[in-house]
Amino acid sequence: MAFQRPKGTADILPIDSAKWQYVEEIARVVFSDYQFKEIRTPIFENYDLFSRSVGETSDIVSKEMYDFYDKGERHMALRPEGTAPIVRAYVENKLYGPEHTKPFKVFYAEPMFRYERPQGGRMREFHQIGVEVFGSSNPATDVETMALAMDFFNELGLSNLTLVINSLGDTQSRNAYREALISYLEPQVEALSEDSQTRLYKNPLRVLDSKDKKDQAIIKDAPSILDYLSESSRKHFETVKEMLDALHISYTIDSNMVRGLDYYNDTIFEIMTEEKAFGSITTICAGGRYNGLVEEVGGPETPAFGFGLGVERLLLTLEAQQIEFPEEDTLDVYVVGIGEETNLETLKIVQAIRSSGLSAERDYLNRKPKAQFKTAAKLKAKVVLTLGEEELKNKEINFKVMKTGKESKVSLQDLYEDDFERIFNLKISDMTAFNEFFKKDE
Ligand code: ATP
Ligand code: MG
């Protein structure tokens, strides 16, 4: 076939979708313990929302946007990340109003789009699960939200994760640091990559985020932002560390970590895996505080904190750590219909079973009984009903409980008129096998 999926995208096939559902289900359970409610925003937004909030000099905006002009000549973009759209929704829907609880906490699980060079763990369409908290500048919010991410990973059974934190300070801290960083980088400007050279004056902190090998060698000895924090930012960061200690959450500090998005201030963090499941990339979750963004997008001054985690990278890490996913639901009933003349009755039977609330499957290809039994076994059916010429004549069906091998007849009238789920449960929990076992001892 001539059609292929777009580069950097993936089909999530039925064989894998249970894993996605499981991860999302655990997220919903853990997030609800923290009182987060789900939010869903459009897949595309005005381009300017992202250029304004994520930042013109960020890789995301300068290189990775899926942007286009629609038929009304509006500049649109497929969303590259979740925070800016949610901030837009927060402002547009006045979610800061008095009728809403504070802090206002939401989570999302949605696809994101970035025009990147596809490789393991780096795709053009990928999925993020993330949270945002609006309206608290309490360091406890920073710590609880990081703890939430760790709880989620622990609940999935992941180990060997490292929480890395840093502080980008407030505006005052960053201005002071900016000066120091420019003074450090300027004498070596020739040695920097082209990208970093253009960023040096526009947004020098961006240089610290460079993935270029030569840049990284220079960055290694750069001054530390932690030495330039204002009094209030220093205090905030100290409290975050104390609170993490109090919860026995271990962490490391990387003063060169800046994150790829412009809107952060004070606490930022990444959660890394030691697994080399996707080459050299090891970050599965990242986030931080963004106190200025709501105002930037047109809302009232509102402190905020959030994170996003990559579901594809998470799944690769789960696989690398050989974490078992719970078994999928097995089939309740398989109906074996023998001979074409049973076609209609078989149809009625599976529909009756399904409307009683159980799952049912059957054969549609008029296959031999043996082939049908094989399918029933493959689907791990708990019960196999068999309808042959004989049964059809007697208006009954053969009921076999697969675990015990016990067989009995059920009249079609009972099957249709009684509550089938009741019959099913009665026969499945039949104590005869149990009783017979004990009879031997008498
Ligand atoms: P990186 O440094 O790996 O490019 P980033 O800083 O661009 O990551 P964020 O924007 O903070 O990443 O996104 C948060 C998380 O989303 C990442 O930690 C990662 O798990 C996931 N992620 C980001 N970009 C991609 C992508 N192109 N493909 C798959 N997952 C991604
Ligand atoms: Mg990136």
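Throughout, residue positions are numbered sequentially from 1 according to the sequence presented. Counting starts at 1 for both ligands and their atoms, following the listed order.
On a distance-only criterion, Arg313 and ligand 1 share at least one N/O pair closer than 3.5 Å. Note: an N/O pair closer than 3.5 Å links Ile284 and ligand 1 by distance alone. Residue Gly310 places at least one N or O, backbone or side chain, under 3.5 Å from an N or O of ligand 1. Looking at Ala286 next to ligand 1, no N or O pair under 3.5 Å apart turns up.
A salt bridge does not link Asp59 with Arg206: none of the charged nitrogens is closer than 4.0 Å to a carboxylate oxygen. One finds a salt bridge joining Arg88 and Glu45 here, because a Lys/Arg side-chain nitrogen approaches an Asp/Glu carboxylate oxygen to under 4.0 Å.
Listed by number with element, the atoms of ligand 1 under 4.0 Å from a non-hydrogen atom of Gln128 are 13 (O), 14 (C), 15 (C), 16 (O). If you number the atoms of ligand 1 from 1 as listed, the ones under 4.0 Å from a heavy atom of Cys285 come out as 18 (O). Each of the atoms 14 (C), 15 (C) of ligand 1 lies under 4.0 Å from some heavy atom of Gly308.
A ring-centre distance under 6.0 Å is not found for Phe36 and Phe107.
When Lys211, Glu125, Arg259 are checked for heavy-atom proximity to atom 9 (P) of ligand 1, Arg259 turns out nearest. With His127, Glu116, Arg114, Glu64 as candidates, the residue nearest to atom 12 (O) of ligand 1 on a non-hydrogen basis is Arg114.
A donor-acceptor distance shorter than 3.5 angstrom exists from the side chain of Arg5 to the backbone of Thr9, with no hydrogens or angles considered.
With 3.5 Å as the limit, one finds a donor-acceptor pair spanning the side chains of Glu132 and Thr83.
Note on residues 249-260: pairs passing salt bridge (Lys or Arg N to Asp or Glu O under 4.0 Å), not counting sequence neighbours, are Arg259-Glu270.
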